[in-house]
Amino acid sequence: MNHPAASEIQAMAWAGVGKAAPHESAQLHVLGQATYTDDIPEMQGTLHAALGLSSKPHAKLAAIDLAPVLASQGVVAAYLAKDIPGVNDCGPIIHDDPILADGKVEYVGQPIFIVVADTHDNARRAAKRAAITYDELPAILTPQAAKAAASYVLPPMHLKRGDFQSAYDAAPRKLKSTLYVGGQEQFYLEGQIAYAIPKEANGMHVYCSTQHPSEMQHVIAHALHLHSHHVLVECRRMGGGFGGKESQSALWAACAAIAAKKLNRPVKLRADRDDDMLVTGKRHCFYYEYEVGYDDEGRILGAKVDMVSRAGFSADLSGPVATRAVCHFDNAYYLSAADIRACCGKTNTQSNTAFRGFGGPQGAIAIENIIDEIARDVGKDALDVRKLNFYGKHDRNVTPYGQVVEDNVIHELAAQLEASSDYRARRAAVNAYNASSEVLKKGLAFTPVKFGIAFNVTHLNQAGALVHVYVDGSILVNHGGTEMGQGINTKVAQVVAHELGRDLSHVRVTATDTSKVSNTSATAASTGADLNGKAAQDAAGQIRARLAQFAASLHGGSAGQVQFYDDKVHVNGHAIPFTELVQAAYLARVQLWSDGFYSTPGLSWDPKTMTGHPFFYYAYGAAVAEVVVDTLTGEWKLLRADMLYDAGNSLNPAIDIGQVEGAFIQGMGWLTTEELWWNAGGKLMTHAPSTYKIPGVSDCPQDLRCNLFDNRNVADSIHRSKAVGEPPLLLPFSVFFAIRDAVSAVANHRINPPLNAPATSESILKAIAAVTGAMK
Ligand code: MTE
Ligand code: HPA
Ligand code: MOS
């Protein structure tokens with residue numbers, strides 16, 4: 001396992017980690033030389049697939065005539081559900097997710113058949129030509145409608161702590177309201193893609209843009225009626241995943257592999273952007289009903305929330321997403337009495353899935369909305385109400401699910417940001433501005449984040465690695481994580497370089513490959529660097545231990561005293577170049593490679609009672625946003641954003657700051673301009689960038705200040721760092737509440753604006769109209 005003692009000695013001598021090293025592919029990215037799946041040179045005889053999609057949200061498939069498809073130019077074959085050699089399923093947990101619709105369709109965009117042609121364009125043209133007869137059935141399109149019909153993909157969840165009803169009844173003040181927060185398209189720049197190449201004796205090699213190569217291997221093996229050892233899945237990098245390629249790459253991987261198997265030819269399936277958006281699941285939208293009792297100061301005494309998500313037609317990851325939402329309703333606040341319910345509404349829409357934060361943002365935004373309303377009611381600055389409700393350091397520190405918060409830094413972190421952002425003076429300035437500005441209103445908000453790190457499914461918290469030291473002293477690393485732009489390979493390379501005292505330039509990380517490290521978890525839940533970094537440290541540590549032993553045998557002294565830094569091995573007063581020692585070790589037949597493994601200690605979770613210790617530790621953060629809203633048009637601008645994030649003892653501050661800023665802007669898009677809109681016929685009409693507005697460079701604030709909080713993980717994480725992938729997505733809550741603050745300025749902050757997310761200009765205008773109307 002790990003070698004913490006040796007590693008601590010190492011840390012004092014050699015700082016391979018903690019450096020702001022550039023992303024390992026930074027140059028390749030900007031030069032256009034980074035190879036994505038579609039850039040892999042195609043094999044001779046490669047064919048191209050496209051999918052034929054349902055045009056109805058819920059219907060029986062009465063008849064399917066593929067003759068016009070087969071007659072279309074360049075078409076080689078077309079396949080239906082019945083042609084799948086093995087199991088027609090790509091569901092990650094529950095097997096309710098057909099690869100191809102069989103007998104019925106359950107959403108507009110559901111794949112019904114695969115068409116294979118000589119070119120990508122010919123396949124796409126042919127896919128539109130099927131003659132399909134549908135017997136339509138009633139469709140459920142919203143989470144509210146699903147709830148009314150008790151239509152769920154999974155049984156409802158309930159977490160109860162304390163006695164909400166008595167706390168609520170006894171509370172001096174109460175509020176009761178609803179909130180709706182929309183979903184979000186992952187909008188990875190590289191769409192879904194898989195390229196399947198048949199190999200001898202039933203082998204299948206699939207290049208796939210996926211966060212979860214092992215799951216792709218598993219799904220493909222089942223669909224082809226093969227074993228896992230027949231299937232090799234490889235991913236060098238993704239052009240973004242954001243959760244959208246955790247489970248939902250499976251459909252594309254399976255379809256490419258099915259066609260390749262049937263034809264015994266290489267087949268590539270690259271989704272066109274519109275198809276990608278029509279077919280794949282997104283962030284779950286949530287609808288909340290809540291009741292809260294609180295005192296005159298704004299301290300919450302009891303909170304009850306009932307949430308329903310739009311799961312879509314199948315379960316996919318909706319269960320764990322809802323669980324994470326339940327476990328993040330508290331955010332940074334102590335709730336002595338809480339009654340938290342969540343259900344996953346079955347709707348005739350895309351099957352929703354993982355998206356950065358994985359239900360955490362959806363859970364936490366509800367309590368932030370509640371606090372925002374409480375503050376307006378008690379007439380205090382919302383920051384003061386937030387602080388009053390923060391988890392305590394030594395008391396008021398148990399979460400509703402029973403985990404004790406042992407690493408709370410929210411007080412210090414918030415205080416630091418309050419000072420550095422000049423929050424109080426800017427509040428006064430915003431008030432002064434609003435007093436004299438009729439049309440333009442400014443808003444300011446401060447929001448905190450506490451985010452639990454670990455997969456909330458305990459067994460997924462494991463990882464493996466394989467490290468090779470070659471005789472020339474160069475090092476090759478393979479690990480179970482996948483690179484999606486987040487910099488996992490850079491961080492893992494730093495860990496290995498550190499362990500062996502090598503300069504980073506001597507370490508290379510290769511494509512994720514199911515034949516090198518097996519049974520991996522998805523790179524998800526922000527745990528990629530945590531888990532794979534530890535596994536790689538374990539592997540490199542074993543090699544170092546063998547080299548130290550060997551060095552001591554040559555030069556004397558004890559193996560435990562040998563140190564590796566500056567590309568040298570320091571033994572008993574000698575400093576031997578690393579390469580020289582490695583060459584001698586090879587000749588002496590010392591094993592120069594090793595596997596490594598890690599599993600996160602101390603985790604537990606009881607899904608029945610929804611209690612336990614699901615998280616290894618918490619990451620913290622806070623942000624302040626200042627906006628100006630045009631009350632005549634609903635247009636707004638983010639003027640300044642200050643963010644402070646707790647990456648612990650950061651493995652790479654440059655990458656971490658990039659993650660925080662990126663997550664901030666992505667989360668801002670979710671809560672403001674990105675609106676998913678289905679028409680009455682259940683078709684997603686916002687299926688391209690022309691109708692779905694993600695933030696652009698011009699939406700970034702002129703004044704953006706992002707810093708890492710000086711901290712060290714209390715938990716024994718990799719070099720005491722903390723995860724950074726998802727938690728900062730919650731920082732732009734500050735933008736949403738700043739907009740809400742500006743809208744409420746119209747009525748002198750006396751009325752809670754009925755503003756849901758996304759706060760598009762249209763909904764901002766509606767909220768202003770409602771607030772103005774309520775004043776009259
Ligand atoms: N950053 C980039 N550039 N691209 C991505 O797709 N995905 C996010 C986050 N940051 C993503 C990203 C999500 S959803 C997760 S879970 C983490 O990265 C996964 O990587 P990590 O665990 O190695 O941080
Ligand atoms: N995050 C991402 N994926 C997951 C999780 C999680 O918390 N739990 C199970 N799959
Ligand atoms: Mo991230 S949503 O856990 O892939």
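All ligand and atom numbering here is 1-based and tracks the order in the structure. This one's a predicted model, so the numbers in the text were calculated from it and none came from an experiment. This chain uses plain numbering: 1 for the first residue, then up along the sequence.
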Problem set entry | Between H328 and F358, ring centroids under 6.0 Å | no
Problem set entry | Proximal ligand 3 atoms for A354, defined as those under 4.0 Å from one of its heavy atoms | 2 (S)
Exercise. What are the atoms of ligand 3, with element, lying closer than 4.0 Å to any heavy atom of G243?
Worked result: 2 (S), 4 (O)
Exercise. If we only count N/O pairs under 3.5 Å, is R356 in contact with ligand 3?
Worked result: no
Exercise. Is it true that a side-chain atom of N352 and a backbone atom of K282 form a donor plus acceptor pair closer than 3.5 Å?
Worked result: yes
Exercise. Is A524 touching ligand 3 with its side chain, its backbone, both, or neither, if touching means heavy atoms under 4.0 Å apart?
Worked result: both
Problem set entry | Pair S650, D656: side-chain N/O donor-acceptor within cut-off below 3.5 Å | yes
Problem set entry | Geometric N/O contact S526 with ligand 3, under 3.5 angstrom | no
For this session: Answer yes when E24 and R236 have at least one side-chain N-carboxylate O distance shorter than 4.0 Å, and no when they do not.
Result: yes
For this session: Is it possible for you to check whether K245 lies under 6.0 Å from the centre of the six-membered ring of Y188, through NZ or CZ, and within 45° of that ring's axis?
Result: yes
Exercise. Do you know which of L729, L638, I694, T673 makes side-chain contact (heavy atoms from CB on, under 4.5 Å) with M668?
Worked result: L638
Problem set entry | Ion pair check, D699 and K693, cut-off under 4.0 Å | yes
Problem set entry | Flag for Y620-D407: side-chain donor and acceptor within less than 3.5 Å | yes
Problem set entry | Donor-acceptor contact present, side-chain Q494 to main-chain V17, <3.5 Å | no
Exercise. Is there a donor-acceptor pair under 3.5 Å between the side chain of W670 and the backbone N or O of G182?
Worked result: yes
Between ligand 2 and the protein, tabulate every N or O atom pair separated by less than 3.5 Å, reporting distance only.
from     : atom 1 : to   : atom 2 : distance (Å)
ligand 2 : 3 (N)  : E246 : OE1    : 3.3
ligand 2 : 3 (N)  : E246 : OE2    : 2.7
ligand 2 : 7 (O)  : R324 : NE     : 3.0
ligand 2 : 7 (O)  : R324 : NH2    : 3.1
ligand 2 : 8 (N)  : N456 : OD1    : 2.9
ligand 2 : 10 (N) : E246 : OE2    : 3.4

For this session: Taking T523 for its side chain and T482 for its backbone only, find out whether a donor-acceptor pair lies under 3.5 Å.
Result: yes
When you check ligand 1 against the protein, what N or O pairs turn up below 3.5 Å? List the atom names and distances, or just say none.
from     : atom 1 : to   : atom 2 : distance (Å)
ligand 1 : 1 (N)  : Q659 : NE2    : 3.1
ligand 1 : 4 (N)  : M484 : O      : 2.9
ligand 1 : 6 (O)  : G241 : N      : 2.7
ligand 1 : 6 (O)  : F242 : N      : 2.9
ligand 1 : 10 (N) : R356 : NH2    : 3.3
ligand 1 : 10 (N) : Q659 : OE1    : 2.8
ligand 1 : 20 (O) : Q486 : NE2    : 3.1
ligand 1 : 22 (O) : S526 : O      : 3.4
ligand 1 : 22 (O) : T527 : N      : 3.2
ligand 1 : 22 (O) : G528 : N      : 2.7
ligand 1 : 23 (O) : Q486 : NE2    : 3.0

For this session: Decide whether an N or O pair under 3.5 Å exists between G357 and ligand 3.
Result: no
For this session: Taking the six-membered ring of F455 (Phe, Tyr or Trp), confirm whether the NZ or CZ of R324 is under 6.0 Å from its centre and within 45° of its axis.
Result: no
